Amino acid sequence: MNMKRITYKLFLITSLILIAFAVLIYLSLYFFLPTFYEKHKTNQLQTGIEEIIDKSKNLTFQNAIPLLEEYAQKNNAVLYLQNKEGTIVYSPFLSFMRSDSKLSPDDVKFGVTRPPGNSNSYNAAVPIQFQDGNLTLVVSATFQPISEASQVLALFLPYISIIVVVIGIGSAYLYSRFITKPLLYIIQGAQKMADLDFSEKIEVRSHDELGQLSNSLNEMSINLQQTMLDLQKANYQLKSDIEKEREIETKRREFFAIVAHELKTPLTLMKGYVEGMIYNIGPYQNRDQYLKKNHHIIESMEQLVREILNMSKLEQHTFKLQLEEVNLSEFMDAITKNLGFFASQKDIQIIKQIDSHLTVYTDRILLKKACKNIIHNAIMYSPHGEKVYIELTQDSKQHHIQMKVINTGVKIKEEDIQHIFEPFYRIEKSRNRNTGGSGLGLYIVKQIFEALSITHSMNSTEQGVQFLVTIPLSIK
């Protein structure tokens, strides 16, 4: 009903306008038509008399008779000519008048005379000159027909009113429907857009303002739909960023809690040693022995702090890589030589299969630290007498170099592999320093590889645990 309100308003206004115009035209005809007709008829009669007077100067009385007859017939007027004595000498309507009709000399003038009893007539008496004499032209015409027409018009008013109302209301209804139908269609389409329903377009095939309005609404719909999609993407991205930020904050808190725990345990142990030595309690009297233990604890704490600082440096956006060309064959020989002591303590054999002349353009120091951590972990977590395989090969397309580090005799569960690159995560849950490190080694490896655009993965095989690394020839 609300959507059709404009149709009702337009219909009502149009009907009232049409009816008002009809009434105005009727009243104008009724009140002004008689006066207008009277003035027009008077001017026409006077103009005709002037033309007859002007033309009769060059005509004889007999030759002027056709002019008089034409004037009388054309204007539906009674006219006659009389001499100075007032006797009628000629009239086209002599049969309708008395033979002794006379006008007094006072009535002979140029103009309109209205007898007191007949206000709806025109009377004029003017002198007229012919070639063969001078006479008086008397003209009389009635305005009664127009008065009768006004009365008939008043009697016909009810019928005119019915016709006007029917035509006006019908025309207003058709007009309002024609105008408002596309407008209501546009309103329905706009309401769907307001409800965020962009499934249908508004199609008004016209070149007027309604067509332009429909095109503008369609363009607005497309822009609004695109804006909604952009907002949804931005909202999704914002939620994702917030979740990542929360996750990072949670990990950061966990990280500081673990760091505090990692530092608190050795500090408490060192404090106990020092207090025992200060008060010479029992075995702590052997200061040299416990000073060495404290020194060992301090070295472990120093290594932990160093690893934390290295990790923090890698996470900073201002960190810059020192790129240079690295010969991987020589590079890997140097690393295995430095770790040879740890391998010999556990009787572990390091077997290398490295292609010659393998070079990459990367940060030597970071890559060395990461590779050293991987190989050192492979040695430290392998049982006595096992083997560590190191393979370096270049792919056929020459885009990257692949490194495999396999340590035999050990298996890692899938759930541990999923978390092994997290900070302070250790497979051995007791966190005994005699059976493992701080749990930051592989996390630092992950951070280094992300900085150097190196992909990596770890999985258990039939031989043992395989660490697979793909090194690009250069960092883009």
Side-chain angles (χ1 to χ4, degrees), residues 307 310-311 314 326-360 362-395 399-414 416-423 425-428 435-473:
E307 289 177 349
N310 289 333
M311 182 183 63
L314 287 172
V326 179
N327 187 314
L328 291 181
S329 302
E330 299 175 357
F331 176 81
M332 200 58 65
D333 287 339
I335 292 176
T336 54
K337 184 177 180 181
N338 291 335
L339 297 175
F341 171 75
F342 299 99
S344 62
Q345 284 187 325
K346 301 183 68 174
D347 195 21
I348 291 176
Q349 184 180 2
I350 299 177
I351 302 173
K352 294 182 292 183
Q353 296 179 0
I354 303 174
D355 293 346
S356 59
H357 307 296
L358 296 178
T359 58
V360 293
T362 187
D363 190 307
R364 177 188 294 272
I365 297 175
L366 290 181
L367 182 62
K368 181 178 180 181
K369 184 172 184 61
C371 293
K372 188 176 181 180
N373 281 357
I374 294 171
I375 298 172
H376 183 265
N377 278 4
I379 294 171
M380 296 304 295
Y381 289 100
S382 294
H384 283 269
E386 294 294 337
K387 296 180 177 62
V388 173
Y389 294 93
I390 302 174
E391 298 180 5
L392 267 78
T393 56
Q394 189 165 354
D395 72 324
H399 292 308
H400 60 264
I401 294 174
Q402 192 174 76
M403 181 180 76
K404 292 181 182 178
V405 178
I406 303 173
N407 55 320
T408 60
V410 65
K411 298 287 183 180
I412 300 179
K413 296 179 181 180
E414 185 64 29
D416 289 326
I417 292 178
Q418 293 178 0
H419 301 284
I420 202 166
F421 291 98
E422 296 177 0
Y425 184 85
R426 288 179 57 185
I427 297 176
E428 197 278 311
T435 60
S438 64
L440 288 175
L442 290 180
Y443 179 71
I444 293 175
V445 169
K446 175 187 174 184
Q447 296 292 98
I448 291 174
F449 282 169
E450 288 180 355
L452 298 179
S453 301
I454 296 174
T455 59
H456 63 282
S457 63
M458 178 183 286
N459 61 293
S460 295
T461 62
E462 295 180 358
Q463 293 176 294
V465 176
Q466 175 181 275
F467 201 112
L468 182 62
V469 180
T470 301
I471 307 170
L473 296 181

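Computed from a predicted structure; not experimentally measured.
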**Student:** Once rounded to the nearest 0.5 Å, what's the spacing between atom CD of Q466 and atom CD of E391?
**Tutor:**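 Reported value, rounded in 0.5 Å steps: 8.0 Å.
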
**Student:** With a 4.5 Å heavy-atom cut-off, do I354 and L328 have their side chains touching?
**Tutor:** no

**Student:** Kindly state each residue pair satisfying side chain to side chain donor-acceptor pair (under 3.5 Å) with at least one member in residues 340-351, sequence neighbours excluded.
**Tutor:**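 Checked against side chain to side chain donor-acceptor pair (under 3.5 Å) - neighbours excluded - no pair reaches residues 340-351.
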
**Student:** What ring pair (Phe, Tyr, Trp, His ring centres under 6.0 Å) pairs are there with at least one residue in residues 331-353, not counting sequence neighbours?
**Tutor:**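 Found F342-H376.
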
**Student:** Give me the ring orientation class for F449 and F467: parallel if the planes are under 30° apart, tilted from 30 to 60°, perpendicular past 60°.
**Tutor:**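 F449 vs F467 ring planes: perpendicular.
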
**Student:** Could you give the distance from NE2 (H357) to CD (E330), rounded to the nearest 0.5 Å?
**Tutor:**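 Going from the NE2 atom of H357 to the CD atom of E330 covers 10.0 Å.
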
**Student:** Nearest 0.5 Å please: distance from the OG1 atom of T393 over to the CE atom of M403.
**Tutor:**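 Interatomic distance, T393 OG1 to M403 CE, rounded to 0.5 Å: 11.0 Å.
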
**Student:** Sequence neighbours left out, what passes side chain to side chain donor-acceptor pair (under 3.5 Å) with E386? Give chain and number order.
**Tutor:**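 Partners of E386 by the side chain to side chain donor-acceptor pair (under 3.5 Å) criterion, ordered by chain and then number, come out as T408.
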
**Student:** Is the shortest side-chain heavy-atom distance between I412 and M458 below 4.5 Å?
**Tutor:**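 They are in contact (side-chain heavy atoms under 4.5 Å apart), so the answer is yes.
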
**Student:** Got a second to check how far I448's CD1 is from C371's SG, nearest 0.5 Å?
**Tutor:** 9.0 Å

**Student:** What pairs with Y389 under ring pair (Phe, Tyr, Trp, His ring centres under 6.0 Å), at least two apart in sequence or on another chain?
**Tutor:** none

**Student:** Which value, rounded to the nearest 0.5 Å, describes the distance between N377 atom CG and S382 atom OG?
**Tutor:** 10.0 Å

**Student:** State, to 0.1 Å, how close S329 and N327 come at their nearest heavy-atom pair, and which atoms those are.
**Tutor:** N-OD1, 3.0 Å

**Student:** Looking at side-chain heavy atoms only, is the closest gap between N459 and T461 below 4.5 Å?
**Tutor:**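 Side chain of N459 against side chain of T461, heavy atoms only: contact under 4.5 Å found.
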
**Student:** On a heavy-atom basis, which atom in V410 and which in P383 lie closest, and how many Å separate them?
**Tutor:**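 The pair with the smallest heavy-atom distance is CB-CD, 4.5 Å.
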
**Student:** Residues in side chain to side chain contact (heavy atoms under 4.5 Å, CB included) with N338, at least two apart?
**Tutor:**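 Only K368 meet the side chain to side chain contact (heavy atoms under 4.5 Å, CB included) criterion with N338.
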
**Student:** Would you say that H400 contacts I471 through its side chain, given a criterion of any heavy-atom pair below 4.5 Å between the two side chains?
**Tutor:**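 In short, these two side chains do not touch, never coming nearer than 4.5 Å.
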
**Student:** Does atom CD1 of I365 have more than 12 heavy-atom neighbours, drawn from other residues, nucleotides or ligands, at distances under 6.0 Å?
**Tutor:** no

**Student:** Once rounded to the nearest 0.5 Å, what's the spacing between atom CG of D355 and atom CD1 of I401?
**Tutor:**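 Those atoms lie 8.5 Å apart.
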
**Student:** Using side-chain contact (heavy atoms from CB on, under 4.5 Å), reason through V405 and V469 one step at a time and then give a plain yes or no.
**Tutor:** CA-CA 8 Å; V405 178; V469 180; over 6 Å; no

**Student:** Of all the heavy-atom pairs spanning I348 and I379, show the shortest one and how long it is.
**Tutor:**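 I348 and I379 have their closest heavy atoms at CD1-O, 3.3 Å.
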
**Student:** Would you please name every residue forming a salt bridge (Lys or Arg N to Asp or Glu O under 4.0 Å) with D333, sequence neighbours left out?
**Tutor:**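 Partners of D333 by the salt bridge (Lys or Arg N to Asp or Glu O under 4.0 Å) criterion, ordered by chain and then number, come out as K352.
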
